[in-house]
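Reading through the structure tokens given below for one structure.
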Amino acid sequence: QVQLVESGGGLVQPGGSLRLSCVTSGFTFSTYAMSWWRQGPGKERELVATMPPFGGRAIYADSVKGRFTISRDNAQSTVFLQMNSLKPEDTGVYCCNGRNGFSGNPASGSWGRGTQVTVSS
């Protein structure tokens, strides 16, 4: 079974930093593009960052470019999101998922619980 377990969220003041982790199992992690998504209250889910497989270049939403860094550790089947200079508008539930680099099929057909990030003074 596919498992995606996000962690690392919390309450942080504007300008602060958090590092999110998504520990995965149940699929061939190294062949999947891995992404972080977020959803704030009353908002649609937004793609934040994607790290392709096979050494491709990471891509970011314009709203987080220069502040967030996505990385992956294939040996640990884990994807990270380093978030710096956090803003209140970064508040939301952050989830991860993967997409097969060959077929495009998702790693998981449903969203997990995610991890809550709250940026507030």
Side-chain angles (χ1 to χ4, degrees):
Q1 79 283 32
V2 170
Q3 291 184 315
L4 305 167
V5 182
E6 301 95 343
S7 63
L11 175 64
V12 65
Q13 292 185 337
S17 298
L18 288 170
R19 190 178 80 148
L20 308 184
S21 299
C22 174
V23 179
T24 78
S25 61
F27 63 100
T28 308
F29 179 87
S30 62
T31 68
Y32 280 67
M34 297 301 302
S35 294
W36 285 96
W37 302 71
R38 68 186 181 189
Q39 187 170 26
K43 301 179 180 178
E44 293 189 354
R45 194 177 303 275
E46 173 189 22
L47 178 61
V48 176
T50 299
M51 176 62 76
F54 319 124
R57 177 177 291 184
I59 59 172
Y60 300 92
D62 287 342
S63 59
V64 308
K65 199 169 299 181
R67 301 187 298 118
F68 290 12
T69 302
I70 187 172
S71 61
R72 64 191 296 157
D73 185 334
N74 287 341
Q76 294 182 304
S77 298
T78 301
V79 61
F80 304 94
L81 186 68
Q82 178 66 45
M83 306 186 296
N84 299 326
S85 302
L86 282 162
K87 304 175 180 180
E89 50 263 46
D90 295 319
T91 294
V93 177
Y94 284 69
C95 300
C96 65
N97 207 344
R99 179 169 49 83
N100 187 277
F102 298 102
S103 70
N105 293 334
S108 177
S110 61
W111 296 101
R113 63 195 241 102
T115 184
Q116 175 71 44
V117 172
T118 303
V119 185
S120 176
S121 56

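This one's a predicted model, so the numbers in the text were calculated from it and none came from an experiment.
- Taken together through direct or relayed side-chain contacts under 4.5 Å among Ile, Leu, Val, Met, Phe, Trp and Tyr, Val93 and Met34 form parts of separate hydrophobic clusters.
- Cluster annotation: Leu4 is connected to Phe29 through the hydrophobic network of ILVMFWY side chains, with a link wherever side-chain heavy atoms come within less than 4.5 Å.
- One N or O on the side chain of Ser108 and one on the backbone of Ser110 form a donor-acceptor pair closer than 3.5 Å.
- For the atom pair OG1 of Thr118 and CG of Leu11, the computed distance is 6.0 Å after rounding to the nearest 0.5 Å.
- Under the side-chain hydrogen bond (donor to acceptor under 3.5 Å, both in side chains) criterion, Ser21 pairs with no residue, sequence neighbours left out.
- In this structure, Tyr60 contributes its side chain and Ile70 its backbone to a donor-acceptor pair below 3.5 Å.
- Here the straight-line distance linking atom OG of Ser85 with atom CG of Asp90 works out to 9.5 Å at 0.5 Å rounding.
- Of the possible donor and acceptor atoms, none in the side chain of Ser103 sits under 3.5 Å from a partner among the backbone N and O of Asn100.
- One finds the CZ atom of Arg19 at 12.0 Å from the OG atom of Ser17 (value rounded to the nearest 0.5 Å).
- Looking at Asn97, its side chain never comes within 3.5 Å of a backbone N or O of Trp111 through a donor-acceptor pair.
- Taking hydrophobic clusters as Ile, Leu, Val, Met, Phe, Trp and Tyr residues chained together by side-chain heavy-atom distances below 4.5 Å, Phe80 does not share a cluster with Trp37.
- Both Val79 and Leu18 belong to a common hydrophobic cluster when Ile, Leu, Val, Met, Phe, Trp and Tyr are linked at side-chain heavy-atom distances under 4.5 angstrom.
- Taking all atoms of both residues into account, the shortest heavy-atom contact from Gly101 to Pro53 is CA-CG, 4.2 Å.
- Considering every non-hydrogen atom in both Gly98 and Tyr32, the closest pair reads C-CD2, 3.8 Å.
- Considering all non-hydrogen atoms of both residues, Leu86 and Val12 come closest at CD1-CG1, 3.5 Å.
- With sequence neighbours excluded, the residues that form a salt bridge (charged side-chain N to carboxylate O under 4.0 Å, His left out) with Glu46 are Arg38.
- Minimum interatomic distance between Leu47 and Ala61 (heavy atoms only, all atoms of both residues): O-CB, 3.5 Å.
- The two residues Arg72 and Met51 come nearest to each other via the heavy atoms NH1-O, 3.0 Å.
- Note on ring orientation: taking the six-membered ring where Trp is involved, the planes of Tyr94 and Phe68 are tilted (angle from 30° to 60°).
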Kindly determine whether Arg113 and Val5 satisfy side-chain contact (heavy atoms from CB on, under 4.5 Å), including the steps that lead there. CA-CA 8 Å; Arg113 63 195 241 102; Val5 182; over 6 Å; no
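- Sparse packing is recorded around CZ of Arg99, with 12 or fewer heavy atoms of other residues, nucleotides or ligands lying under 6.0 Å away.
- A donor-acceptor contact shorter than 3.5 Å is absent between the side chain of Glu6 and the backbone of Leu20.
- Residues forming a side-chain hydrogen bond (donor to acceptor under 3.5 Å, both in side chains) with Gln3 (at least two apart in sequence, or on another chain): Ser25.
- Of the charged side-chain nitrogens involved, at least one lies within less than 4.0 Å of a carboxylate oxygen, so that Asp62 and Lys65 count as a salt-bridged pair.
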